[in-house]
Enquirer: 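Questions regarding the structure given below will be posed in turn.
These values consider heavy atoms only, across backbone and side chains, with no hydrogens, waters or symmetry-generated copies. Numbers restart at 1 for each chain; the letters A, B, ... are given by sequence-line order, proteins then strands. For clarity, every value in this text was computed on a predicted model and none was experimentally measured.
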Protein chains: 2
Amino acid sequence: MSREEKKNEIFRAASQVFFSKGFEKTKIEDIAKQAGIGKGTVYEYFESKLQLFEETIAFYHQNVINSLCEALARWENIGDKIKAYAQFMTEIISNHIHLFELMADSRVMAREMGAVILESNIRMGDVLLEAVTEAISKGELRPDLEPRLITSTILGTVTQYCSLKIMFSEPETQKIDYDRLVDAVMRGVGAEAISNQTS
Amino acid sequence: MSREEKKNEIFRAASQVFFSKGFEKTKIEDIAKQAGIGKGTVYEYFESKLQLFEETIAFYHQNVINSLCEALARWENIGDKIKAYAQFMTEIISNHIHLFELMADSRVMAREMGAVILESNIRMGDVLLEAVTEAISKGELRPDLEPRLITSTILGTVTQYCSLKIMFSEPETQKIDYDRLVDAVMRGVGAEAISNQTS
DNA sequence: AGGAACTGACTGACCGGTCGGTTTTGATTC
DNA sequence: GAATCAAAACCGACCGGTCAGTCAGTTCCT
């Protein structure tokens with residue numbers, strides 16, 4: 001086995017362990033055991049735990065992005081691409097379902113602060129769901145869409161948009177045009193569209 | 001200061017430190033110092049670091065949820081509520097901007113595996129953005145919406161919906177109807193809506 | 001006075017990284 | 001194809017630093 005192959009072997013073991021336990025709780029020894037080698041050997045290939053982690057994540061991301069590109073390239077029109085993306089996400093989420101499961105268990109949630117944010121998201125989703133359900137019964141939103149889907153649309157769009165805007169915009173363009181955002185969201189889920197629907 | 005007030009004082013210090021460093025890197029001593037008390041005193045109020053963390057998170061979530069409820073209740077129709085929600089999210093994200101900033105720095109990213117998932121999301125967003133831009137130029141998507149907004153809509157909706165579906169559905173209803181999902185997403189961002197637009 | 005609240009030096013478990021020693025490999029010679 | 005050997009790969013016991021949790025002693029309050 002070449003040096004490169006061996007490294008990939010370690011990457012595979014490392015991503016498995018890192019993803020199931022998180023960085024801090026992962027012992028180099030765990031990774032070594034998973035890869036079927038001794039602890040010291042890991043240090044023949046990587047200088048430190050942090051370096052191993054960083055390279056492992058890069059390895060993982062590269063794989064994911066490559067697969068996504070392939071999946072999207074397989075289709076011509078955007079509808080099919082969205083569908084492919086949705087299926088891809090489902091695959092990924094399912095593969096990392098244990099991470100989500102861990103989050104639900106607050107003892108383990110302690111491992112990841114990121115989980116706290118997601119947990120917030122879920123709870124907020126519940127709050128929104130209530131508002132959505134009420135709005136449907138008042139005829140403000142399309143009654144033919146599952147309330148949870150509408151909620152996801154709102155929550156997902158808003159969260160994503162605000163996050164990206166804040167993280168990546170130049171300060172001068174960072175101001176969020178909320179009316180425009182709401183308008184865009186409402187088009188998909190709002191009642192005004194009902195009259196134009198064929199389905 | 002009553003016992004309850006003192007606890008809240010510790011909660012405030014704890015959430016500050018936990019959020020800025022993550023669970024593992026937070027030392028009880030840091031929290032004690034932040035709260036202006038001795039390390040041992042913390043253990044008069046909480047049995048363990050984990051228990052302190054869990055209660056702190058509960059305290060934090062309760063505050064967030066309460067504020068969100070208030071913000072939503074202030075408005076009557078769903079459009080205003082969505083807008084209020086978007087503003088609320090911006091506020092939260094801004095308050096935790098340092099967490100996002102940390103993520104970008106891969107040395108620190110090591111702290112949180114959750115960050116890895118978000119980083120994936122961002123990278124996938126770039127991939128999607130390309131497809132979206134192309135689709136706009138081909139007339140498949142509405143040209144009057146910012147490409148990034150369309151991307152957020154797709155990415156956010158899909159991610160949220162798939163996650164929630166997988167996490168919270170009964171197995172028998174867990175199957176995702178992708179066509180329906182795509183259909184709902186496309187309604188908001190698709191070209192077919194252009195002809196029906198007044199704006 | 002006496003108990004409640006507070007304190008920080010200390011202890012023991014834990015784990016990243018090291019290092020001296022062992023095994024494997026593969027090139028070279030006979 | 002067997003013998004030799006040096007270098008590369010491998011290994012895990014060990015070291016040293018870190019920190020959650022303890023506890024004996026101090027301060028504060030009633």
Enquirer: At their closest point, which heavy atom of A/A13 faces which heavy atom of A/Q34, and how far apart are they?
Expert: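 That closest heavy-atom pairing would be CB-CG, 3.6 Å.
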Enquirer: Tell me if the centroids of the rings in A/F46 and A/F53 come within less than 6.0 Å of each other.
Expert: no
Enquirer: Quick one: list whatever passes ring-ring contact (aromatic ring centres under 6.0 Å, His included) with A/Y43, sequence neighbours left out.
Expert: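 Expected list: none.
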Enquirer: Which residue in the set A/F59, A/F18, A/Y60 passes ring pair (Phe, Tyr, Trp, His ring centres under 6.0 Å) when paired with A/F11?
Expert: A/F59
Enquirer: Crowded around A/Q51 CD? As in, over 12 foreign heavy atoms under 6.0 Å?
Expert: yes
Enquirer: Rounding to a whole Å, what distance do you find between B/I31:CD1 and D/dG21:P?
Expert: 11 Å
Enquirer: On DNA chain C, compare the nucleotides closest to B/V42 and A/I28; which residue's is nearer the 5' end?
Expert: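 Final value for this comparison: B/V42.
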Enquirer: Identify the 5'-most and 3'-most nucleotides of DNA chain C with at least one atom closer than 4.0 Å to a non-hydrogen atom of chain A.
Expert: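 Listing 5' to 3', DNA chain C meets chain A from C/dC15 to C/dT18.
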Enquirer: Walk along nucleotides 8-13 of chain D from 5' to 3' and tag each nucleotide B, S or - by protein heavy-atom contact under 4.0 Å, base first, then sugar-phosphate.
Expert: -SBBB-
Enquirer: Roughly how far apart are A/E55 CD and A/S15 OG, rounded to 0.5 Å?
Expert: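 Output value for this atom pair is 13.0 Å.
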Enquirer: Given atom CD of A/E24 and atom P of D/dA20, what is their separation to the nearest angstrom?
Expert: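 Interatomic distance, CD of A/E24 to P of D/dA20: 11 Å.
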Enquirer: So how far is it from A/I10 CD1 to A/E5 CD, rounded to the nearest 0.5 Å?
Expert: 12.5 Å
Enquirer: So that I can tick it off, tell me whether A/E9 and A/R12 are bridged by a salt bridge, with the cut-off set at under 4.0 angstrom between side-chain N and carboxylate O.
Expert: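 Result for this pair is yes, salt bridge flagged.
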Enquirer: B/K49 has an atom NZ; how far is it from atom P of D/dC19, in whole Å?
Expert: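 Spelled out: NZ on B/K49 to P on D/dC19 is 9 Å.
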